[in-house]
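Counting convention: from 1, in listed order, for ligands and their atoms alike. Basis for what follows: all heavy atoms, side chains included, without hydrogens, waters or symmetry-related copies.
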Amino acid sequence: MTYSSFISDTLSKLSSLYPPEEGRAITVRLLQHFCGISSYEHLVEPWGAISPEHVKDLEFAVGQIAAARPLQYVIGYQEFMGIKISVEEGVLIPRPETEELVSWVLSYFSSPATLRILDAACGSGCIATALMSKLPKAQIFACDLSPKALEVTARNLSSLHDSSSAPNSSSAPDNSSAPNSSSATNVFQYDLLKSPVGFPVGDLDIIVSNPPYVKESEKGQMRPNVLDYEPAEALFVPDHDPLLFYRALERLASAHLKPGGAIFMEVNENLAEETASIFEKAGYASVEIKRDIFGKTRMVLCQI
Ligand code: GLN
C-alpha cells in the first residue's frame with residue numbers, strides 16, 4: 001500500500017464522522033505515528049510504500065477511529081504546550097483552549113521563582129505538567145477525584161522529570177534549576193465538592209483549574225468521539241447547578257491561596273459572567289474575564 005492510497009481509503013472511512021480537513025489531519029498523524037515519517041513525506045513521495053507491518057497497525061488504528069475512538073487514545077498522547085501528554089480512556093484529552101489558560105498563567109507573574117501552584121481537578125495533568133516544564137523552580141501540586149487521573153498525571157509529571165535530567169546534571173534535591181520531583185505526595189486524591197477541611201496543601205500562590213462545565217443540555221452539540229469515549233464526569237454538570245465546581249473552587253481558593261494569590265479557571269463560554277460573580281460576591285480584589293482565540297469568554301482570573 002502507498003501513502004496516497006492509504007490516505008484516500010482512510011478519508012472515505014472517516015468521512016461520516018469527521019469533516020474532510022480533520023479526517024486528513026488524523027490520517028497524516030497516523031502515518032507520522034506508525035511509520036515514523038514527517039508531516040509532509042506523503043506529499044513529497046505519495047507513491048512511497050508502507051511496509052506490511054505498518055499497514056497492519058494502521059488498519060487496526062483506522063478501524064478504531066472509524067468507530068469514533070479518539071485519535072489521541074489510539075496513539076496514546078496529545079501534544080500540549082509542546083509536550084507529549086500521555087492520555088488514555090478515563091482522562092479528558094487536553095484541548096487548545098486549556099493551552100491558552102496556561103499561557104495566561106505564565107504571562108501573569110514576573111518573578112516565578114518560588115511559586116506554589118495547584119492544578120485542581122487535574123485530569124491528564126496537562127496543566128501541571130506544562131507549568132512544571134515552563135516554571136522549573138515552582139512547586140507543583142495536582143489533585144483529582146479519579147484514581148485514573150492521578151495515575152496518568154503522575155506518569156506525565158515524572159516523564160517530564162526523566163526527559164529533563166541530562167546525564168551530567170546533578171540530581172541533588174536542592175538543585176533549583178531542575179524541575180521538582182513529581183513525588184507522589186504532590187499528586188493527591190481530593191473531591192472538590194467536599195469541604196476544603198483537611199486539604200493537604202496551603203500557602204498557594206496560584207490555583208489553576210479546568211473543571212467540568214458543559215451542561216447536560218449542551219450534549220447535543222458534541223460529537224460521538226467525545227460523548228462515547230471521554231469521561232463524562234470530567235465534562236458534564238447538571239443544568240440546574242452548572243457552577244457547582246466553581247463554588248467549590250472559590251471555597252478552596254479562599255481557604256488556601258496566599259494574600260495576593262490568584263485562581264485561573266477555564267469556564268463555560270455562556271457562563272463567564274455568572275462564574276466571575278461568585279468570586280466578586282466573595283470579595284476578591286480583582287476579577288477578570290478573558291476571551292479565547294475564537295472570541296469566546298473562556299477564562300476567568302480572580303485575585304484574592
Ligand atoms: N472544552 C471542553 C469541551 O468543550 C470541556 C472541558 C470541560 O468541561 N472542562 O469539550
Asker: If you take the centroid of each ring, where Trp contributes its six-membered ring, are Y190 and F199 closer together than 6.0 Å?
Answerer: yes
Asker: Where does ligand 1 get N/O contacts under 3.5 Å from the protein, atom by atom?
Answerer:
from     : atom 1 : to   : atom 2 : distance (Å)
ligand 1 : 1 (N)  : E97  : OE2    : 2.8
ligand 1 : 1 (N)  : Y213 : OH     : 2.9
ligand 1 : 8 (O)  : Y213 : N      : 3.3
ligand 1 : 8 (O)  : L235 : O      : 3.4
ligand 1 : 9 (N)  : N210 : OD1    : 2.7
ligand 1 : 9 (N)  : P211 : O      : 2.6
ligand 1 : 10 (O) : R95  : NE     : 3.2
ligand 1 : 10 (O) : R95  : NH2    : 2.8

Asker: Are H33 and Y77, when compared by the centres of their aromatic rings, separated by less than 6.0 Å?
Answerer: yes
Asker: Would you indicate whether the side-chain heavy atoms of P238 and L244 approach each other to under 4.5 Å?
Answerer: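 Contact flag for L244/P238 side chains = yes.
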Asker: Would you call the rings of W104 and F264 parallel, tilted or perpendicular if under 30° counts as parallel and over 60° as perpendicular?
Answerer: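 Rings of W104 and F264: perpendicular, over 60°.
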Asker: I'd like to know if the side chain of S254 pairs up with that of Y284 as donor and acceptor (distance under 3.5 Å, no hydrogens or angles considered).
Answerer: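 Their side chains do contain a donor-acceptor pair, which is all the 3.5 Å distance test asks for.
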Asker: For E266 and Y213, which I'm curious about, is there any donor-acceptor pair between the side chains at under 3.5 Å?
Answerer: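 Yes, because at least one side-chain N or O of E266 sits under 3.5 Å from a partner of the opposite role on Y213.
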